[in-house]
Amino acid sequence: MEVNQSPEWKALERHFADIKQTHLRDLFVANPERASQFSLQFEDLLVDFSKHRITDETLKLLLKFAERCQLTEEINRMFSGEKINLTEGRAVLHTALRNKPTSPIFVNGSDIMPKIGAVLDRMRNFSNRIRNGEWQGYSGKPIRNIINIGIGGSDLGPKMITKALTPYHQRNLSFYYVSNVDGTHLVETLRDLDPEETLFIIASKTFTTQETMTNAHSAKTWILDHSHNPEAVAKHFVAVSTNIEGVQKFGIDPANMFEFWNWVGGRYSVTSAIGLSVMLAIGPDHHHALLDGFHAMDEHFHTTHLSQNIPVILALLGLWYNNFFGAQTHAILPYSQYLEDLPRYLQQADMESNGKSVTKDGHPISYQTGPIIWGEPGTNGQHAFYQLIHQGTKLIPCDFIGFAQSHNPLGDHHIKFMANFFAQPEALAFGKTVEELRVANVPLPLIPHKKFEGNRPSTSILAPKLTPYALGQLIAMYEHKIFAQGILWQILSFDQWGVQLGKELAGRIIPELSSSSELQHDSSTNELITRFRNLRKTGF
Ligand code: G6Q
């Protein structure tokens with residue numbers, strides 16, 4: 001039986017019919033305790049979900065549905081290393097990467113914690129050598145530029161965290177992320193850099209991804225063209241991968257390879273060696289604090305009752321809007337310029353995980369699964385797309401993320417900034433009524449345009465400061481929310497056959513673009529490729 005046929009889902013449908021017209025204004029008036037009743041705090045992190053279109057009854061019914069889906073049991077299965085990634089036959093153990101070394105976790109009968117600890121030790125040693133200038137380029141200069149070449153899960157996580165933790169950087173090192181196979185990305189990144197001071201991290205779980213390998217080979221050519229010395233490769237390239245043969249074949253000494261394992265999914269790999277660039281940027285101690293933050297949230301998710309469990313509550317709220325209110329998207333709105341890349345990172349984490357349309361056992365699904373994730377930091381978004389969130393025809397649940405302390409306490413910037421963080425959710429929830437507009441003497445014809453319906457839901461997430469620890473908590477919170485939603489929707493969140501498809505399709509067309517072979521695609525693709533071939537001939 002599909003979950004949307006279950007008595008628990010049907011009860012939610014009936015409840016939805018009862019409360020879909022209820023306004024947040026009325027819910028707040030009726031219950032002065034609403035803010036504290038619908039907030040959860042974990043350590044320093046406050047998650048206020050009182051501005052959601054829910055009552056006690058909604059939460060009760062959502063939690064019953066979670067129980068029906070055996071969410072607690074499924075959480076335990078993931079943490080214990082069961083092979084829950086069914087289509088790839090793999091365990092899902094990114095949580096082991098930040099586990100305490102003294103708590104064993106077993107995969108195929110062997111404890112993986114010593115392996116994880118050994119790689120972390122090597123990463124620390126390497127980071128210290130780069131950071132203190134002991135590791136030098138082939139001509140004896142210290143490394144100043146670090147370029148991570150990777151894509152998808154091997155790019156978005158380290159890039160996002162490196163930017164987010166800029167205040168913790170060793171500032172004489174510069175970090176770059178090259179992902180796109182568009183040559184522009186590599187060329188423009190390298191344009192002003194000195195090869196003698198540049199280190200490449202080739203980050204690829206498989207070490208076969210076309211974009212990454214193409215960029216890696218071009219980077220190698222850049223170093224060799226400059227150095228005329230094949231030994232320079234050992235000084236300027238390190239690898240992060242699960243594929244030791246591939247790394248060796250490329251010409252990187254396995255001594256300069258940092259390993260991870262196939263029980264770490266690409267988009268969940270930022271706490272593996274894929275985070276090497278992060279450690280280089282912020283140093284081993286701050287990196288340790290980052291992992292501790294992840295671990296703390298892992299523990300919260302693993303051990304807390306569903307009703308008090310932050311990722312679980314966020315997952316249930318997402319289900320409520322996605323499957324009952326018909327919301328198609330979910331906005332991530334960090335009030336921190338340092339978190340500029342968070343929406344993009346979560347876009348992959350969420351959409352690649354839960355963009356599925358069959359159940360675990362392969363049956364087509366008749367209900368909605370993962371939402372479209374998007375967003376921008378405040379306040380920029382306010383001057384761009386918030387209009388639609390406030391007055392458009394679509395319901396868009398939002399996550400507002402803010403911090404009490406700024407790393408850059410410049411005049412009254414942070415006060416002004418955070419005033420927006422508080423004002424926007426308030427305006428979304430409560431709107432502006434015709435009555436209020438009349439009292440303010442708004443001319444009659446303008447009233448329909450200036451009226452804000454309100455009743456637009458959001459979560460406010462408030463932490464003291466964007467520290468490595470807080471960031472770890474925040475990312476793990478989203479990772480686990482995504483996992484919990486996968487369970488509620490009965491889908492497999494840890495495979496990505498759609499990504500594989502892209503990898504295969506382009507492979508077939510590559511040789512056709514530089515030959516005149518007969519084309520056997522549909523007529524549109526044939527015409528487009530033919531035109532491309534002709535345009536290339538004319539030299540434009
Ligand atoms: C992530 C996906 C995908 C992957 C990239 C890069 O979960 O599998 O985004 O990370 O395709 O793959 P490699 O790390 O193998 O190069």
Side-chain angles (χ1 to χ4, degrees), residues 78 84-95 97 119 147-161 177-182 185-186 200-220 237-250 252 257-278 341 343-356 370 373 475-476 478-483 485-486 491-507:
M78 175 173 75
I84 60 169
N85 175 354
L86 297 178
T87 60
E88 296 181 302
R90 292 174 181 169
V92 175
L93 275 174
H94 43 280
T95 51
L97 299 166
V119 173
I147 304 183
N148 187 87
I149 295 185
I151 196 164
S154 300
D155 167 68
L156 290 162
K159 183 164 71 177
M160 182 271 289
I161 297 187
Y177 290 83
V178 172
S179 50
N180 205 329
V181 73
D182 180 346
H185 204 172
L186 186 67
F200 292 94
I201 301 173
I202 311 302
S204 175
K205 182 172 166 180
T206 54
F207 232 73
T208 56
T209 304
Q210 186 204 77
E211 292 91 333
T212 301
M213 296 326 295
T214 306
N215 279 321
H217 281 287
S218 298
K220 192 159 108 179
F237 284 83
V238 298
V240 178
S241 189
T242 60
N243 175 0
I244 189 163
E245 291 83 22
V247 169
Q248 266 174 314
K249 209 168 131 210
F250 177 83
I252 296 178
M257 166 178 162
F258 299 87
E259 193 189 3
F260 66 115
W261 306 273
N262 71 10
W263 38 261
V264 183
R267 56 194 171 278
Y268 295 92
S269 64
V270 71
T271 48
S272 73
I274 286 289
L276 181 63
S277 56
V278 172
D341 288 337
R344 211 171 302 151
Y345 167 77
L346 291 177
Q347 211 163 43
Q348 181 196 22
D350 202 320
M351 293 167 75
E352 208 166 89
S353 297
N354 289 341
K356 310 287 163 66
I373 302 291
I475 304 170
Y478 279 111
E479 285 181 345
H480 297 318
K481 171 200 164 181
I482 293 165
F483 166 79
Q485 290 192 323
I491 56 180
L492 293 176
S493 298
F494 296 103
D495 59 17
Q496 56 284 314
W497 297 105
V499 182
Q500 309 305 118
L501 175 74
K503 293 185 182 184
E504 286 155 27
L505 291 181

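Values reported hereafter were calculated over all heavy atoms of this structure, with side chains retained and with hydrogens, waters and symmetry mates removed. Each ligand, and each atom within it, is numbered from 1 in the order the structure gives.
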So among R344, Q348, M351, which one has a side chain to side chain contact (heavy atoms under 4.5 Å, CB included) with I373? M351
For atom 9 (O) of ligand 1, find the nearest protein heavy atom and state the residue, atom name and distance (0.1 Å precision). Q348 NE2, 2.7 Å
Using a strict cut-off of 4.0 Å, indicate which atoms of ligand 1 neighbour a heavy atom of G266. 1 (C), 7 (O), 10 (O)
What class does the angle between the rings of F237 and F200 fall in, given that below 30° is parallel, 30 to 60° is tilted and above 60° is perpendicular? parallel
Measure the distance from atom 7 (O) of ligand 1 to every protein heavy atom, then report the residue, atom name and distance (to 0.1 Å) of the closest one. R267 NH1, 2.7 Å
Run the contact test for K503 against ligand 1 with a 4.0 Å cut-off on heavy atoms, strictly below, and give the result. yes
For Y177, is there any backbone N or O sitting under 3.5 Å from a side-chain donor or acceptor partner on H185? yes
S154 neighbourhood, listing ligand 1 atoms whose heavy-atom distance to it stays under 4.0 Å: 10 (O), 13 (P), 14 (O)
Side-chain contact test, heavy atoms from C-beta onward, threshold under 4.5 Å: evaluate it for F250 versus K220 and give yes or no. yes
Got K205 and I274 here, is their nearest side-chain heavy-atom distance under 4.5 Å? no
Atom 15 (O) of ligand 1 sits nearest the protein heavy atom T206 OG1, 2.6 Å
Closest non-hydrogen protein atom to atom 2 (C) of ligand 1, residue and atom name please, with distance? E352 OE1, 2.8 Å
Hey, does the side chain of N354 reach the backbone of I482 with a donor-acceptor pair shorter than 3.5 angstrom? yes
Identity and separation of the nearest protein heavy atom to atom 4 (C) of ligand 1: G153 N, 3.8 Å
Please tell me if the side chains of F494 and M78 come closer than 4.5 Å, counting only heavy atoms from C-beta onward. yes
Below 4.0 Å, non-hydrogen atoms only: which portion of Q496 touches ligand 1? Side chain, backbone, both or neither. side chain
Protein residue, atom and distance nearest to atom 6 (C) of ligand 1, heavy-atom basis: I151 O, 3.2 Å
I'd like to check whether S204 has a polar contact with ligand 1, where a contact means an N/O of the residue lying under 3.5 Å from an N/O of the ligand. yes
Sub-4.0 Å atoms of ligand 1 with respect to non-hydrogen atoms of T209: 12 (O), 13 (P), 15 (O), 16 (O)
Are T209 and K503 side-chain neighbours, meaning at least one heavy-atom pair lies under 4.5 Å? yes
